[in-house]
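What follows is a set of notes on a single structure, which appears directly below.
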Amino acid sequence: MTPVFDSRPLTPAEKYYTFLDIVTPMNVVVAGDLDRCLAADLVAQRWTQFTSLRSLPRLRIRGDLTLADGDAADSAFNAHEAAADGWDEYLARELRRPFGLDRPMRCLYLTSAAENRSRLVFIAHHAVVDGRVGVAELQMFVRLLDGRAIPHQQRLSVAPASSKQLRWRSDRQELISLLREIAARNDAAGAPDPASWPRPDVERRPRLVSLTVAPAEAAGLLAAAKSRGMRAHSAIAAAWLIAAARRVGERPHPTLQLSSPVDLAVPSPDPDRPTAPAVSVVAHRHQVTPQSPWELAQRVGAATDASISRGEAELFFHLTRVEAIDDLEAGARVVAHALASAPPAISVSNMGVISADGDPDWLRTVYGILAPTPNQMVFASAVSYRGCLTHSVGTDDTQLPADVIGSLIDDYRAVVRTMGSAEPVAGTG
């Protein structure tokens, strides 16, 4: 089958992340850990085959702000041999290593022959790939590595249209009222800790930490959340807020800003077209007091639901006016200004349950991670796969040294254990 090379204008979300990539390299890293070590030349050969079958790894952003398919000859492949305990450090450097908007997805293969383990990594621009779309594509590649036939997908994604009728889109007074309400909400919560973050005079050093919550412990947390009528994201976010309050809070009961990525994408109805990423963000400030973790989780969930229902995720892009920008430099200036005024935040993303149906047994886990933006103390993503909760945690060790990061993660795991051992609420969920 001959690929159809075509292009389309970027959506506002794709524009925003394109401009962000210029200001601060924003690579999406999607990875899978394998319980075997394949020959690097075999993986390279299959990667070349994969890029001829699927459009997603060929996509790139052009200077005229269009998303374009094209020749896959520059879809880079690299292999690196190292002990598994060094993979996170190696990958952290890839989180922020620029490789040009006009270049498509890269494939990295980390191997440890002595341990018979390996890590398969896709590195792409956030304007082209988000976590769930990228993981689904990585699962396809693993099946190709397993010697199976995979479906062709040769066309561009369709730019998603908003399915919501949001009053503030057409009524300026509604927009002003919503903005005032958000401002009043932030004023009431107070400025988030820590006041010293970020320090623009210090070059950032990204750090990546992988951690896994085992099936029994993960099942306890998810069951406790379900019995209370809550999503896993609320529970996971509350645990991170409590851990961060102990380690980075500057007051006894600090206020912390939580940024929650929201997937606004509509699944593609055409099997020959991938789903277009449409990830936005909603933010809320929460005072972290000695209350029950579940009380905090309930507040997190209620605030997130209210923000989504009022279209605050769409508002995130609307306020930047990126849809009207047709110049890379102008867009980068707008996003740089937005980042400079952004408060310190903890970002928590839950990618949900990823089905292992059809995956070979030797694919141990899958996950996705972004480098934190300058205002983010922690970017934590979680995915439920084969019963485990697999986390990727991105931080900046110029301000969170290794011992602080280690303590923060230990505290997070302790809170998760506490929440998972809580008695379920009867008659709910």
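Numbering starts at 1 and runs along the sequence shown. Quantities reported herein were computed from a predicted structural model and do not represent experimental measurements. Just so you know, these numbers use all the heavy atoms, side chains as well, and skip hydrogens, waters and symmetry mates.
With 3.5 Å as the limit, one finds no donor-acceptor pair spanning the side chains of T304 and H233. Between the side chains of T66 and S7, not a single donor N or O lies within less than 3.5 Å of an accepting N or O. Side chain to side chain, S381 and Y367 fail the donor-acceptor criterion of an N or O pair below 3.5 Å. A donor-acceptor contact closer than 3.5 angstrom is absent between the side chains of S55 and Q153.
With sequence neighbours excluded, the residues satisfying salt bridge (Lys or Arg N to Asp or Glu O under 4.0 Å) with E137 are R54. Residues passing the side-chain contact (heavy atoms from CB on, under 4.5 Å) test with A330 are I325, D327, R333, sequence neighbours excluded.
Ring geometry for W240 versus Y412: interplanar angle under 30°, hence parallel rather than tilted (30 to 60°). Using a 30° and 60° split on the angle between ring planes, F316 and Y16 fall in the perpendicular class, above 60°.
With a 4.5 Å cut-off on side-chain heavy atoms, I242 and P293 count as touching. Counting heavy atoms from C-beta on, the side chains of L363 and R386 come closer than 4.5 Å. Looking at heavy atoms from C-beta onward, T51 lies out of side-chain contact with F141 at the 4.5 angstrom threshold. Counting heavy atoms from C-beta on, the side chains of L221 and V213 never come closer than 4.5 Å. Residues F19 and L65 form a side-chain contact, since some pair of their non-hydrogen atoms from C-beta on lies under 4.5 Å apart.
Enclosure of atom CZ in R185 by more than 12 non-hydrogen atoms of other residues, nucleotides or ligands within 6.0 angstrom is indicated. The 12-atom threshold is not exceeded at CG of D361, counting heavy atoms of other residues, nucleotides or ligands nearer than 6.0 Å. Taking a 6.0 Å sphere around CD of E250, one finds it holds more than 12 heavy atoms contributed by other residues, nucleotides or ligands. Atom CD of E81 sits in a crowded spot, with more than 12 heavy atoms from other residues, nucleotides or ligands closer than 6.0 Å. The environment of CD in Q399 is crowded: more than 12 heavy-atom neighbours from other residues, nucleotides or ligands sit within 6.0 Å.
A donor-acceptor contact shorter than 3.5 Å is absent between the side chain of T18 and the backbone of A127.
Taking CG of D69 as the start and CG of L56 as the end, the distance is 10.0 Å to the nearest 0.5 Å.
With Q257 as the partner, the side-chain hydrogen bond (donor to acceptor under 3.5 Å, both in side chains) test is satisfied by one option alone out of H286, Q376, R285: R285.
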